[in-house]
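Have a look at the structure below before the remarks.
Per chain, numbering begins at 1; letters A, B, ... match sequence-line order.
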There are 2 protein chains.
Amino acid sequence: MSGNWRPPSSTDVARAAGVSQSAVSRAFTPGARIAEATRARVMAAAEALGYRPNLLPKILQTNRSGIVAVVVGGFYNPYFAMTLEAFSRALTAAGRQMMLVRVDSDRILDGVVDQLAGYRVDAVVSALALTSQDAAGQLSKLRIPIVTLNSDLAGDWIRSVSSDNFAAGVAAARLLRERGGTRFGFVAGPADSPAQVAREAGFAHGLAELGLPPAMRAGGGYDYASGARAARDLFSSSDRPDALFCANDLAAFGVIDVLREDFGLTAPGDVQVVGFDNLDMAVWAPYRLTSFDQDVDAHVAVAMELLDLEAGATCVARTVPSRLVERESTRKGRR
Amino acid sequence: MSGNWRPPSSTDVARAAGVSQSAVSRAFTPGARIAEATRARVMAAAEALGYRPNLLPKILQTNRSGIVAVVVGGFYNPYFAMTLEAFSRALTAAGRQMMLVRVDSDRILDGVVDQLAGYRVDAVVSALALTSQDAAGQLSKLRIPIVTLNSDLAGDWIRSVSSDNFAAGVAAARLLRERGGTRFGFVAGPADSPAQVAREAGFAHGLAELGLPPAMRAGGGYDYASGARAARDLFSSSDRPDALFCANDLAAFGVIDVLREDFGLTAPGDVQVVGFDNLDMAVWAPYRLTSFDQDVDAHVAVAMELLDLEAGATCVARTVPSRLVERESTRKGRR
DNA sequence: CGAATGTGTGCATAGCTATTCACTCGCCAT
DNA sequence: ATGGCGAGTGAATAGCTATGCACACATTCG
């Protein structure tokens with residue numbers, strides 16, 4: 001209708017209710033000193049006008065927006081969806097809002113930092129494989145806390161929470177050995193992912209600890225296609241592995257499908273397969289994948305805790321244990 | 001360190017650079033009238049102090065935050081991830097931010113509307129199966145445009161963009177008939193989803209148009225388990241269907257897995273299966289699912305356009321055609 | 001009855017930026 | 001020489017809420 005409409009302000013409500021603007025503010029502030037009758041009159045006027053308090057002036061004064069920025073690199077991996085879901089719940093429960101920022105892998109720093117700083121976000125959560133050290137530095141200068149998931153970024157205002165990726169790698173080696181694996185293979189994730197690196201190192205360490213030769217290696221991505229490619233690479237050679245640890249579930253699915261489809265091999269009879277993430281799909285009939293559960297809720301709980309740490313001096317890094325969920329892509333152990 | 005630190009303001013920068021606050025503002029405003037030498041001096045001071053313009057005062061005056069709220073019911077369905085990804089891209093390209101809001105299905109209205117209004121979000125995108133008419137009404141009163149995805153909500157400030165669900169249902173019926181289907185089944189989504197209702201109605205219409213008897217029916221959810229249950233229901237009876245249209249891909253995967261696992265049936269030999277959404281997983285080896293592609297990018301493009309429509313008088317509803325992608329869960333047609 | 005306490009209300013202000021208005025200064029044209 | 005003009009700058013202000021301060025009034029107590 002009118003070109004320059006503006007939402008009703010507390011002053012408008014005050015006028016309508018015949019009170020001062022302060023009274024309106026107090027009516028909407030729990031625990032404020034105001035007569036019940038006045039509050040009722042204000043509320044009636046507010047209801048009639050459709051008034052909602054504007055949060056921005058408060059933010060302007062306190063520099064606390066109640067907004068947490070969550071930075072992700074993409075959504076192709078259902079693991080991100082799980083994380084997002086858990087974060088969303090936790091933030092809502094804490095009365096905060098989530099600003100979702102998607103960046104094309106590398107150049108996070110460009111406009112994004114300016115935007116986040118401009119909106120005065122309370123904190124940044126990065127689910128990025130790798131976060132630009134530069135961007136992190138800029139946020140630190142603005143005293144905006146950063147919580148990093150499965151990354152190894154370090155700095156003054158940076159806290160990190162990770163799975164015990166190395167330990168899981170070791171556990172994978174032990175499990176596969178215990179279940180009768182003899183020739184081991186590792187299906188790698190992207191080289192720039194600290195989680196991938198730690199999982200591989202742990203697996204290698206575990207094998208060495210057991211006196212076994214190092215694993216064959218293929219792959220290089222967290223996606224299905226990368227796993228499929230890895231399986232073709234590994235099984236086209238003469239010396240085929242019979243026990244695989246995959247950097248994540250998505251790659252493991254690709255592996256399993258190619259093994260069955262192209263090579264007529266199934267798990268766990270011909271090859272045992274272990275994944276990482278414990279996606280919903282891990283229970284699906286074609287896979288029934290043994291996998292490490294990252295306990296997303298625990299990750300998020302820790303992250304929420306780290307968000308509100310005020311002192312930025314000490315660099316905090318927390319680890320959340322992952323839990324091995326055995327299904328039928330590995331052989332049964334005695335119980 | 002200091003308890004009450006505050007980020008540098010334009011006044012701080014002005015003091016440091018020996019100019020007025022106005023000059024600082026102009027230095028950061030493209031196209032503003034300012035001498036190049038002054039701008040350089042301001043920029044140097046800003047850099048030294050780590051100054052970022054605070055966006056809130058501008059928002060306070062213009063009531064345009066640049067924030068679009070995206071409301072979702074959950075992330076379990078990868079289709080939401082696709083939508084989110086596309087929206088995120090589009091909003092970033094338009095220089096806007098996404099506030100992600102997750103609601104527990106029904107009670108959206110509680111605090112959420114207050115929050116969104118309080119932050120002065122420019123618009124709300126709802127990817128919810130059903131949106132509370134009440135919440136929608138409240139947002140309308142605040143003149144906050146709503147764009148609904150695959151929903152049938154109507155009202156003054158509400159615009160909707162949907163797939164041609166009915167037409168797709170008809171097309172599914174024709175395809176399955178043309179490929180030799182004789183006994184038809186429909187695997188339903190949740191009853192409160194307008195998309196589910198339209199797809200089923202279209203399928204029924206298509207069958208009737210071809211002079212075929214109505215389809216058997218099972219299911220009632222958009223998830224894998226629901227599809228699995230539906231398959232068990234349908235194939236435990238004596239009169240088994242040989243052509244299935246599933247309300248979405250996730251359910252279709254459940255169907256296919258149960259058919260293979262529990263009944264030893266495969267697609268397309270024993271049963272033909274058609275899904276909806278064309279998820280990434282539809283190409284996976286165990287499925288190779290024929291499915292309707294919703295063209296997420298087109299949905300989002302239309303939604304972005306509808307977001308900025310100012311006039312709230314006419315109720316806009318746009319439809320985006322879906323595209324049939326044939327894979328190997330249906331038989332080959334002559335080409 | 002005076003004082004003290006407590007309750008309820010209004011006034012004024014901080015918080016930060018973009019923008020309008022007014023002003024100065026140097027330069028050109030008449 | 002003087003009016004006009006454009007460029008560059010600073011002062012002032014709007015936008016909205018929460019809150020500290022002051023004040024008015026009622027109530028209670030010594």
Contact list for residues 11-37 of chain B, test ring-ring contact (aromatic ring centres under 6.0 Å, His included), sequence neighbours left out = Phe28(B)-Tyr51(B)
Going by heavy atoms closer than 4.0 Å, what residues in residues 24-36 of chain A are next to DNA chain C?
-> Arg26(A), Arg33(A), Ile34(A), Ala35(A)
Residues of residues 8-17 of chain B with a heavy atom under 4.0 Å from any atom of DNA chain C, listed by number, are Ser9(B), Ser10(B)
Cationic N near anionic O, under 4.0 Å, Arg89(B) to Asp297(B) = no
Could I get the full list of side-chain contact (heavy atoms from CB on, under 4.5 Å) partners for Ser20(B), not counting sequence neighbours?
-> Ser22(B), Ala23(B)
Whether Thr29(B) side chain and Ser25(B) backbone form a donor-acceptor pair below 3.5 Å | yes
Report the distance from atom OH of Tyr119(A) to atom OH of Tyr119(B), rounding to the nearest 0.5 Å.
-> 12.5 Å
Just by distance, with hydrogens left out, do Gln138(A) and Arg52(B) show a side-chain donor and acceptor under 3.5 Å apart?
-> yes
Within the modelled atom types, does a donor on one side and an acceptor on the other bring the side chain of Thr62(A) and the base of dA18(D) under 3.5 Å apart?
-> no
First and last nucleotide of DNA chain C touching chain A, 5' to 3', heavy-atom cut-off 4.0 Å?
-> dT7(C) to dC16(C)
Does a salt bridge link Asp122(B) with Arg120(B), judged by any charged N lying under 4.0 Å from a carboxylate O?
-> no
Candidate pair His299(B) and Ser163(B), rule side-chain contact (heavy atoms from CB on, under 4.5 Å), full reasoning = CA-CA 8 Å; His299(B) 274 264; Ser163(B) 285; 2.9 Å; yes
Evaluate the criterion side-chain contact (heavy atoms from CB on, under 4.5 Å) for residue pair Asp12(A) and Arg6(A); output intermediate values, then yes/no.
-> CA-CA 11 Å; Asp12(A) 297 333; Arg6(A) 107 192 131 63; 3.1 Å; yes
List the steps, then state whether side-chain contact (heavy atoms from CB on, under 4.5 Å) holds for Val113(A) with Leu139(A).
-> CA-CA 7 Å; Val113(A) 172; Leu139(A) 289 170; 4.1 Å; yes
Which distance, rounded to the nearest 0.5 Å, do you find between the CG of Asp156(B) and the OG of Ser140(B)?
-> 6.5 Å
When the distance from OH of Tyr119(B) to P of dT17(D) is rounded to whole Å, what number comes out?
-> 15 Å
Mark yes or no: Arg143(A) above the aromatic ring of Trp157(A), with NZ or CZ under 6.0 Å from the six-membered ring centre and no more than 45 degrees from the axis.
-> no
In numerical order, the residues of residues 38-50 of chain A whose heavy atoms come under 4.0 Å of DNA chain C are Thr38(A)
Carboxylate-amine/guanidinium contact Asp308(B) Arg159(B), below 4.0 Å = no
